[in-house]
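All values derive from a computational prediction rather than experimental measurement.
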Amino acid sequence: MRKRIVAGNWKMNTDVATGVKLASDLMQLLKVQPAPENVGVAIAPPFTHLSEVSKVIDPSKICLASQNCASEAKGAYTGEVSVEMLKSVDVMAVIIGHSERRAYYKEDYATLAKKVDLTIQGGLRPIFCCGEVLEERNAGIQNKIVEAQLKESLFHLSNEDFSKVIIAYEPVWAIGTGVVASPEQAQEIHKFIRSLVAARYGAQIADDLTILYGGSCKSSNAVEIFSKPDVDGGLIGGAALDAAEFHKIVQSF
Ligand code: 13P
């Protein structure tokens with residue numbers, strides 16, 4: 001059965017103490033009011049916070065994720081953090097290909113494919129981001145853009161490996177802008193993504209795939225967006241920095 005997920009991407013926000021408090025507050029809220037059945041909760045704090053945050057969360061209630069990983073397994077890559085290092089602090093999922101990494105750090109299709117491979121080989125789950133920029137949406141080529149992102153960095157995977165993937169559709173024009181995609185726009189492209197996966201991997205794998213929406217998602221619009229049949233939850237930025245607000249989004253199914 002297809003899993004629904006709400007994941008918080010903290011980006012480069014909070015210091016360690018504030019991040020640990022945010023994670024513990026969320027844990028408390030989930031103890032009082034657990035996530036609805038079949039809804040998973042994940043948080044992706046900065047690298048520096050992972051070890052401390054892992055000590056205050058119950059992995060059966062909150063899955064610990066990272067925002068990135070190295071594209072190499074180990075060695076002389078100053079400043080990078082490997083999948084094995086992430087595993088050693090109980091990380092279970094890795095956000096890969098966020099549009100901020102593609103835009104600011106020039107991560108290309110081949111680099112992202114390597115990160116996906118290492119993540120899966122390490123037994124972790126990739127949360128693979130895709131999405132178009134405003135000019136591409138205005139030109140009506142969003143499907144073409146997303147198709148290339150998936151084909152070039154994911155579609156080399158075997159059926160078994162692809163089953164570990166979570167996809168997050170995040171239109172760049174909706175990230176941090178307060179402009180949220182309409183539920184219809186989200187549904188349309190999520191359905192398209194599922195159809196691409198069905199053509200490559202078959203109907204069952206496509207039906208089981210979790211596809212998250214990201215971009216200015218908050219408790220005031222989550223219910224409507226999550227009600228769409230191909231939207232299986234959200235990847236939340238700004239609204240994940242407030243435990244009560246994020247917890248409300250978790251309850252939006
Ligand atoms: P916002 O929710 O702040 O728009 O960010 C979305 C996002 O980029 C999550 O990865």
Q) By salt bridge (charged side-chain N to carboxylate O under 4.0 Å, His left out), which residues pair with Glu147, not counting sequence neighbours? A) Lys151
For residues 75-83, dump all side-chain donor-acceptor pairs below 3.5 Å to protein atoms at least two apart in sequence or in another chain.
unit_1: Ser82; atom_1: OG; unit_2: Glu84; atom_2: N; d: 3.4
unit_1: Ser82; atom_1: OG; unit_2: Met85; atom_2: N; d: 3.1

Q. Nearest heavy-atom pair of Asp232 and Leu209: which atoms, and what distance?
A. OD2-O, 3.3 Å
Q) Counting N and O atoms only, with roles assigned by atom type, does the side chain of Asn13 sit under 3.5 Å from a partner on the main chain of Trp10, one being a donor and the other an acceptor? A) yes
Q | Shortest non-hydrogen contact between Asp207 and Arg2, atoms and distance | A | O-NE, 2.7 Å
**Q.** Distance-only donor-acceptor check, side chains Asp15 and His49, under 3.5 Å
**A.** no
Q. Does atom CD of Glu245 have more than 12 heavy-atom neighbours from other groups under 6.0 Å away?
A. yes
Q | Residue pair His98 / Gln67, side-chain donor-acceptor N/O under 3.5 Å | A | no
Q | N-O pairing of Glu107 and Arg102 below 4.0 Å | A | no
Q) Going by distance alone, is a donor N or O of one side chain under 3.5 Å from an acceptor N or O of the other, for Trp173 and Glu132? A) yes
**Q.** Which atom of Arg125 lies closest to which atom of Thr119, heavy atoms considered
**A.** C-CG2, 3.8 Å
Q) Around atom NZ of Lys228, are there more than 12 heavy atoms of other residues, nucleotides or ligands at under 6.0 Å? A) yes
Q) Does any pair with a residue in residues 29-42 pass side-chain hydrogen bond (donor to acceptor under 3.5 Å, both in side chains), and if so which ones, sequence neighbours excluded? A) none
Q) salt bridge (charged side-chain N to carboxylate O under 4.0 Å, His left out) with Glu72: which residues, sequence neighbours excluded? A) Lys114
Q. Can you list every ring pair (Phe, Tyr, Trp, His ring centres under 6.0 Å) pair that touches residues 189-234, not counting sequence neighbours?
A. Phe155-Tyr201, Phe162-Tyr201, Tyr169-His190, Phe226-Phe253
Q: Taking Asn221 for its side chain and Lys218 for its backbone only, find out whether a donor-acceptor pair lies under 3.5 Å.
A: yes
Q: Quick one: closest heavy-atom pair of Val197 and Ala206, and the distance?
A: CG1-CA, 3.8 Å
Q.
Which heavy atom of Leu50 sits nearest to which heavy atom of Ala65, and what is that distance?
A. CD2-O, 3.5 Å
Q) Is there a donor-acceptor pair under 3.5 Å between the side chain of Ser71 and the backbone N or O of Thr111? A) no
Q. Any chance CD of Glu184 has more than 12 other-residue heavy atoms, nucleotides or ligands included, within less than 6.0 Å?
A. yes
Q | Nearest-0.5 Å distance that lies between atom CD1 in Ile95 and atom SG in Cys69 | A | 11.0 Å
(Q) Around atom NZ of Lys144, are there more than 12 heavy atoms from other residues, nucleotides or ligands closer than 6.0 Å? (A) no
Q) Taking only residues two or more places apart in sequence or in another chain, which ones pass side-chain contact (heavy atoms from CB on, under 4.5 Å) with Val172? A) Ser99, Val133
